[in-house]
Amino acid sequence: MLLDCAAMDVTAILDKLNPAQEEAVTSDQRHVLVLAGAGSGKTRVLVHRIVWQVQVENISPHAILAVTFTNKAAREMRERIDQLLGMSLRGMWVGTFHGLAHRLLKAHWRDVGLPENFQILDSDDQLRLVKRVMRALELDEQRWPPRQAQWWINAQKDEGLRSAHIQDSGDVQLATMLRIYREYEASCDRLGVIDFAELLLRALELWRHHPQVLAHYQERFQHVLVDEFQDTNAVQYAWLRLLVGSVCRVTAVGDDDQSIYGWRGAKVENILSYERDFEPTHTVRLEQNYRSTSNILKAANAVIEKNADRLGKKLWTDSGDGEMVALYAAFNEHDEARYIADRLHQWVNDGQRRDEAAILYRSNAQSRVLEAALLQAEIPYRIYGGQRFYERLEIKNALAYLRLMLNVDDDTAFERVINIPARGIGERTQDTIRQTARGANTTLWGACVELIATNGLPGRAKNAVAGFLGLIEDMSLGSDALKLIEQAETAIERSGLIDLYRREKGERGLARVENLEELVAACGNFQPEHAEQPILPQFLDQVALDAGDRQADEDQDAVQLMTLHSAKGLEFPLVFLAGMEENLFPHKMSLDEPGRLEEERRLAYVGITRAMQKLYLTFAECRSIYGSESYNSVSRFVRDIPSDVLEEVRLQNTITRPTSYAAGALSSDLGDDTGFALGQLVCHPMYGEGVILNFEGHGPRARVHVQFEEVGTKILILDSARLSAV
DNA sequence: AAGGCAAATGTTTTT
DNA sequence: CATTTGCCTT
């Protein structure tokens, strides 16, 4: 009976796999390394291998651990397993490295010397703390930028190095960073908080220093699967090696060509070390691509081939050539955005879905102009990344109140909102409170209580502080009997936060109020993992590790905007890569170091391989950056694409114009008989300054398209337009 | 202590 | 260019 079942399932599991995928899914070698090119079905292999383990090899889901890098990937993996199985696997651990580390530390907080309710610092909190530490050390913030110190500390932690491990070589730079690091570590310990990197490092040390804990997990997990293996850093790799011990099997899936997180400590070399450290390994290459047309793959291969350090893979497909890769040279970023909006308009007119199209860019700053153009063209869009929901100022303030309601001794939260909204507790008073806390070795709350009792504050300040303490006490009184959503309402109403932002004028205040309302809604929807336990702490923990990137209107048909980094792992029938210019992409910060340039190239490869049917590359000859204009040439990555798959879109055929004009329009490249040139800066008596985008016709009766800074694109008859050169 | 104004100053990617 | 920082006034 059981056997029959298994036999049936085998066909279901292996049904849709190609030979290489099947080899990876069914391998009985102890460890498996899958080098999976873009679009070659790596998630499918992972999902099917898990199901294979459970259904064919009879491994309990309880004994399986699957690790990803993003919450999104973790969710997707679960969903796809459920789908394939037709039911939900219980007991299996699926999560991000950070999420799993958090889980371990929650379970073993005593062993790692953390308070039971330790808080997680996001990078913003971390920076605040670094600044505080530096001020205490009386370091000049001009000479030692706090951001740099923060970055340095994180880099050390990613390598597994604590301040005690680092040799002070006498170098001033190093010595200073080290001092900050030491103090920062001490502060974190005192406050009972840990940053992202610390989460991983502490989890590693948990296992290193507590063999019995490690043994427990080694015994439990018989199979570990790691997605995006090229993104693992030194600590994560060490963590895996410890876990694996003597029985556990590992399946790692990755692509060295898609390693784009080197800047935050990821080590592609881990892929190379794998075959040595996880022995014996069965290595499988997935090179057949099921995503893109042949032309798109040719472009991708041509770009990535220029990298020296590669394991070497060449994607191929048995689908047809498909359409050419299109290249559009825009005059400026506005023209670029308008062109993209225009193409999207066409796409929708052709009956295609908007959410099958994506606009990808190198840096978040590029999204503004694109958004404006889409707004104007009335194309719904959804933007990913940028500022995270739970990292917004107003949200963090609201969360801080919630944290205080839970625990008045949460110094990070206390400090954040003691004077927000302003209630007369200024910098001086706060300093006194901090000093008192330090002297009495107590929390800020404790210090306040003491200062009030001993009259250690001037009258006004004392009243203000007492008022704040009273407010928090009132707010938390009986709040644990309330529903989460009511607690959230209490936090934003009674604290005065919502009124503060209601009074804030302009678009911003409005957005903040909306965000707070969205937070309340999120509280209403929150499903706790442990229904019997208090819900608020569970919510706060979840929030710390989840950026809140799921958007409310996820099912609306909207074009997707995101950075190249956040596009990894996704695919779209229609893709625009915007800003294909030198100094922007590759970014000028990456030009000096060959390693960084190679990473940029991989980023380009990731971008190109997101496209299934049609790929547009666009660049702007002139782009405003920090207010001033800069002229860049087309990206080297574009130049690496062979001309037989690249089609340069001729300007005059693609410029936006009312269709009634399109039929009879005759265009001239240069407008040579008009006295003006394409791209020229001109001035109009009413519309102000603009750029000439196109000509139709010749001589004084020619129609000229001008993109004005104030009023957008206008089409004018040359001899009546009274344009002047600028 | 708060709020308004001017000046400076910084921007790659993110769990 | 925007936003944040710092200095100044109330």
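Per chain, numbering begins at 1; letters A, B, ... match sequence-line order.
Of the candidates B:dA2, B:dT15, B:dT12, B:dT12 carries the atom nearest the A:R596 side chain, counting heavy atoms from C-beta on. Across B:dT12, B:dT15, B:dA2, the shortest atom-to-atom separation from the side chain of A:S363 is found for B:dT12. The side chain of A:R428 sits closest to B:dA1 out of B:dA1, B:dT15, B:dT12. Side-chain proximity of A:S590 to the nucleotides B:dT12, B:dA1, B:dT13 is greatest for B:dT12.
With respect to the salt-bridge test (charged N to carboxylate O, under 4.0 angstrom), the residues A:R147 and A:E141 do not qualify. A salt bridge links A:R434 to A:E427: one of the charged nitrogens lies within less than 4.0 Å of a carboxylate oxygen. Using a cut-off of 4.0 Å between Lys/Arg side-chain N and Asp/Glu carboxylate O, A:R602 and A:D309 are scored as not salt-bridged. A:R601 has a carboxylate O that lies under 4.0 Å from a charged side-chain N of A:D640, or vice versa, which qualifies the two as a salt bridge.
Both A:N419 and A:S123 lie close to DNA chain B; mapped to their nearest nucleotides by heavy-atom distance, the more 5′-ward contact belongs to A:N419. With the nearest nucleotide of DNA chain B identified for both A:R423 and A:W151, A:R423 has the one nearer the 5' end.
In this structure, CD of A:E599 is placed 13 Å from P of B:dT14, rounded to the nearest angstrom. One can place CZ of A:F389 at 19 Å from C1' of B:dT15, the figure rounded to the nearest angstrom. We find that CG of A:N233 is positioned 10 Å from C1' of B:dT15, with the value rounded to whole Å. In this entry the distance linking CG of A:N364 with C1' of B:dT13 reads 8 Å, nearest Å. Nucleotide B:dT12 holds its C1' atom 12 Å from the CD1 atom of A:I260, rounded to whole Å. Across the protein-nucleic acid pair, A:R147 atom CZ and B:dT9 atom P stand 15 Å apart, rounded to whole Å. Here the P atom of nucleotide B:dT12 and the CG atom of A:D592 are 13 Å apart, to the nearest Å. To the nearest angstrom, C1' of B:dT15 lies 9 Å from CD of A:Q236.
Nucleotides C:dG6 and B:dT11 have their P atoms positioned 14 Å apart, rounded to a whole Å. If you take atom P in C:dT4 and the same atom in B:dT13, they sit 15 Å apart, rounded to whole Å.
Using a 5.5 Å limit on the distance between ring centres and a 30° limit on the angle between planes, the aromatic ring of A:W263 counts as stacked on the six-membered base ring of B:dT13.
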Check residues 255-269 of chain A and write down every donor-acceptor pair under 3.5 Å in which the side-chain atom is one partner and the other belongs to a residue at least two apart or another chain.
unit_1: A:D255; atom_1: OD1; unit_2: A:D257; atom_2: N; d: 2.9
unit_1: A:D255; atom_1: OD1; unit_2: A:K313; atom_2: NZ; d: 2.7
unit_1: A:D255; atom_1: OD2; unit_2: A:Q258; atom_2: NE2; d: 2.9
unit_1: A:D256; atom_1: OD2; unit_2: A:L311; atom_2: N; d: 2.8
unit_1: A:D257; atom_1: OD1; unit_2: A:R310; atom_2: NE; d: 2.9
unit_1: A:D257; atom_1: OD2; unit_2: A:R310; atom_2: NE; d: 3.4
unit_1: A:D257; atom_1: OD2; unit_2: A:R310; atom_2: NH2; d: 2.7
unit_1: A:D257; atom_1: OD2; unit_2: A:K313; atom_2: NZ; d: 3.2
unit_1: A:Q258; atom_1: OE1; unit_2: A:R610; atom_2: NH2; d: 3.3
unit_1: A:W263; atom_1: NE1; unit_2: A:I260; atom_2: O; d: 3.0
unit_1: A:K267; atom_1: NZ; unit_2: A:E159; atom_2: OE2; d: 2.7

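Residues meeting the ring-ring contact (aromatic ring centres under 6.0 Å, His included) test with A:F585, sequence neighbours left out: A:F637.
A sub-4.0 Å separation between OP1 or OP2 of B:dT14 and a side-chain N or O of A:N154 is absent. Between A:T429 and the phosphate of B:dA1, there is a side-chain N or O to OP1/OP2 separation shorter than 4.0 Å.
Among the protein residues, A:S566 comes within range of the sugar-phosphate backbone only, with heavy atoms under 4.0 Å from sugar or phosphate atoms but none that close to a base. Within 4.0 Å (heavy atoms only), A:D231 reaches no atom of the nucleic acid at all.
Of the N and O atoms on the side chains of A:Q150 and A:Q148, not one donor lies less than 3.5 Å from an acceptor on the other residue.
Among the candidates A:N154, A:L121, A:L545, the single residue satisfying the side-chain contact (heavy atoms from CB on, under 4.5 Å) test with A:F196 is A:L545.
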Next on the checklist: One character per nucleotide, please: for nucleotides 1-10 of chain C, 5' to 3', B when the base has a protein heavy atom closer than 4.0 Å, S when only the sugar-phosphate does, - otherwise.
Outcome noted: B--SS-----

